Amino acid sequence: MEHDRQNPAFYALLVALIFMAVGPIFLMFVNSFKLDVDIIGGTSGLLFLPTIQNYETALCDILWYEPDHIDFCSLKFGGAFINSLIIALISTFLTLVIGCMAAYALVRFRFMGRDTASLTTLMVRMVPPAVLLVPVFGLWNNEFCLDRDGLIGGWIRDTFGGRGDVCLAGTHSGIILVYVAMNLPFVIWILQSFIVQVPRSLEEAARVDGAGPFQVFFRVVLPLIKPGLAAAAIFTFRIAWNEYLLASALSDRNTKTVPILIVNNMSEFNVEWGVIMATGMLLAIPPIIFTLFASRQIITGMTAGAVKG
Amino acid sequence: MNSQTFNKLTPYMFMAPAVIIMAIALLYPLGYMVYGSFRDWDPSQSISETEFVGFKNYITLFFDPAFRESLSVTLIFAFTVVIAEMVIGVGLALLLDRNIRGMSVLRTLFILPMMIAPVVVGLMWRYMYHPTVGTFNRTLKSWGFEGVDWLGQHALLSVIIADIWQWTPFIFILALAALQSLPRSALEAARIDGATGWQQIIYIKLPLMMPVLIVTALLRLIDAFKVLEVILVMTEGGPGLSTEIVALRISRTATEFRELGTAAAMSNYLLILLLFFTLAMFAFTRLQEARAARLARQVQEEG
């Protein structure tokens with residue numbers, strides 16, 4: 001492809017834009033390798049001795065050795081990271097499977113209640129997490145519980161310990177459930193625009209060959225909408241991985257996710273910038289990797305979501 | 001089971017998991033919230049023990065200066081960021097809609113800010129705005145200026161700048177996609193007729209992009225009401241109430257003041273506001289589709 005020549009001012013603008021977009025992230029990256037003395041003391045720029053001490057402090061609970069500079073491992077980052085990973089991966093997987101089945105039904109079948117379902121999906125897409133906070137907190141703590149005298153609840157309590165009723169709040173599945181529900185409308189909406197493009201003749205051919213509806217769906221339709229699935233997966237993962245508010249309301253000490261950990265450490269009086277930047281960097285790495293490798297899918301998904309709305 | 005009933009049941013089987021999950025974890029909670037908003041509700045009580053108070057929560061909120069303040073902060077924040085992001089994003093798209101090398105690299109770098117966690121964005125900006133160690137004040141001081149009290153006196157502005165940084169790329173990418181899908185023939189015709197660059201933008205490009213731009217702006221507006229983590233990490237709503245958006249106030253009312261009924265009523269106000277914008281977007285896209293269909297029919301009849 002032939003590229004046009006542009007004048008130098010244009011390139012200067014481009015460089016400035018890139019600097020503005022990436023600068024803050026780069027700054028955090030650099031600072032996460034600095035000691036607090038260096039960050040506060042003002043040895044600005046790149047002239048400093050890089051150290052991985054901050055990362056050691058952050059990850060102290062899963063390191064196989066004991067770093068010299070830590071007396072007591074107070075920051076349980078490793079555990080939170082694993083929680084985040086479990087919650088984000090499982091909820092992304094569930095959302096995708098359930099979402100693309102629903103999207104397929106909405107696009108390909110005429111059935112009673114189809115319009116209601118499609119309209120409801122569109123409407124609940126705008127519900128912000130803050131609105132769900134109060135009811136979800138109340139329900140997950142008080143209503144979605146297994147009675148302590150009941151069969152399953154009693155079994156869980158005997159096996160895992162604990163007193164009183166067994167509730168959804170404070171478990172991984174509680175957070176996963178609300179993330180799946182929250183992301184479903186968006187995934188259904190975005191996948192509809194991809195499924196519409198699958199030629200009907202392919203599905204009919206498969207049906208003539210004797211494939212059942214589920215076979216047609218999993219063998220014919222799914223492989224064809226892979227780009228859409230990738231885009232939907234990235235967006236769902238991003239929300240589940242980054243979400244703070246609902247996770248903070250639903251998690252307990254053992255199911256904390258990384259964003260909660262960062263916010264808790266930020267609100268302390270004396271912020272340890274180096275360590276905080278290291279944890280922030282660790283939280284930012286998975287989305288950054290996704291962006292670098294799948295930016296095309298992300299952009300396709302974004303435009304499909306907005307332009308075809 | 002014969003094959004006929006099987007075919008009729010198929011769509012329901014495909015829909016069932018999604019419907020069940022959304023009913024349990026989305027629609028039921030919303031109904032629960034509406035129900036709870038009419039009650040005097042404390043976190044330690046289960047909802048059946050609470051007292052029915054009618055519209056008391058709504059009325060108290062309506063006359064509550066703190067809630068009004070946070071509502072106006074939210075509206076100022078949302079509209080300012082959307083307008084600024086639209087202007088900058090569309091402007092950049094018009095400027096960068098050229099055939100240059102490395103455009104895809106550029107777009108990749110631009111979407112980084114909106115992919116990383118809002119918590120991390122807040123953290124980065126809180127560091128950069130820091131009165132003594134922050135990047136901005138250090139730079140200002142090294143140039144011989146006074147430092148600015150970013151997160152104190154100018155908290156709302158600082159929060160707005162951070163949001164613009166994070167979300168302008170979204171508008172930029174959508175506007176660029178819209179620009180590149182414009183019919184080449186119209187632009188070609190304008191160029192042959194001798195339209196200048198500005199004339200092309202004002203009379204051809206912008207009007208043709210308008211449908212996409214309006215949907216984008218509405219989407220962004222709805223999202224701007226969801227922003228919470230960035231502000232929470234940067235200012236925690238302070239100083240005073242100057243950056244306390246409604247979402248933040250809901251979470252504080254529920255967790256700090258322990259008034260779930262009031263928080264539920266607040267959520268309802270926010271929901272009604274958003275419902276209004278969503279309906280506007282919905283109506284607009286419907287209108288657009290109807291117009292496109294009419295145009296297509298006209299073309300067919302003439303041809």
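Treat the numbers as computed from the prediction; the structure is a model and nothing was measured. The sequence lines fix the lettering, A, B, ..., with proteins before strands; numbering per chain opens at 1.
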Donor-acceptor contact below 3.5 Å, side chain [X] vs main chain [Y]:
X: A:Asn242; Y: B:Met115; answer: yes
X: B:Tyr12; Y: A:Met112; answer: yes
X: A:Arg238; Y: B:Met114; answer: yes

Side chain, backbone, both or neither of [X] within contact of chain A (heavy atoms, under 4.5 Å):
X: B:Thr108; answer: both
X: B:Leu274; answer: both
X: B:Leu248; answer: neither

To the nearest 0.5 Å, tell me how far [X] [atom1] sits from [Y] [atom2].
X: A:Ile98; Y: B:Ile21; atom1: CD1; atom2: CD1; value: 4.0 Å
X: A:Thr120; Y: B:Leu27; atom1: OG1; atom2: CG; value: 7.0 Å
X: A:Leu283; Y: B:Ile116; atom1: CG; atom2: CD1; value: 9.0 Å
X: B:Phe110; Y: A:Ser295; atom1: CZ; atom2: OG; value: 13.0 Å
X: A:Glu243; Y: B:Glu229; atom1: CD; atom2: CD; value: 6.0 Å

Checking heavy atoms, do the side chain of [X], its backbone, both or neither come under 4.5 Å from chain B?
X: A:Val22; result: side chain
X: A:Leu245; result: both
X: A:Phe290; result: neither
X: A:Leu27; result: side chain
X: A:Tyr104; result: side chain
X: A:Leu17; result: both
X: A:Leu133; result: side chain
X: A:Ile239; result: neither
X: A:Leu132; result: side chain
X: A:Trp241; result: neither
X: A:Met28; result: side chain

Would you name the heavy atoms of [X] and [Y] that are closest together and state the gap between them?
X: A:Met101; Y: B:Pro17; answer: CE-CG, 4.1 Å
X: B:Leu26; Y: A:Pro185; answer: CD2-CG, 4.1 Å
X: B:Ser267; Y: A:Val134; answer: OG-CG2, 4.3 Å

Practice problem: Quick one: do A:Tyr244 and B:Leu232 satisfy side chain to side chain contact (heavy atoms under 4.5 Å, CB included)? Show the steps, please. | Solution: CA-CA 10 Å; A:Tyr244 160 77; B:Leu232 177 73; 3.2 Å; yes
Self-check item: Non-hydrogen side-chain atoms of B:Leu228 and A:Pro129 separated by less than 4.5 Å
Solution: no
Quiz item: Under 4.5 Å between any side-chain heavy atoms of A:Trp273 and B:His130, yes or no?
Solution: yes
Quiz item: Going through the distances and angles, do B:Leu30 and A:Val131 end up as a side chain to side chain contact (heavy atoms under 4.5 Å, CB included)?
Solution: CA-CA 8 Å; B:Leu30 286 179; A:Val131 167; 4.1 Å; yes
Exercise. Would you check, one step at a time, whether the test side chain to side chain contact (heavy atoms under 4.5 Å, CB included) holds for A:Leu119 with B:Phe282?
Key: CA-CA 10 Å; A:Leu119 195 70; B:Phe282 207 51; 3.2 Å; yes
Practice problem: Would you mind telling me which of B:Leu275, B:Val34, B:Val105 has the largest number of heavy-atom pairs within less than 4.5 Å of chain A? | Solution: B:Leu275
Quiz prompt | Residues B:Met15, A:Phe109; criterion side chain to side chain contact (heavy atoms under 4.5 Å, CB included); working and verdict | solution = CA-CA 11 Å; B:Met15 280 303 288; A:Phe109 295 95; over 6 Å; no
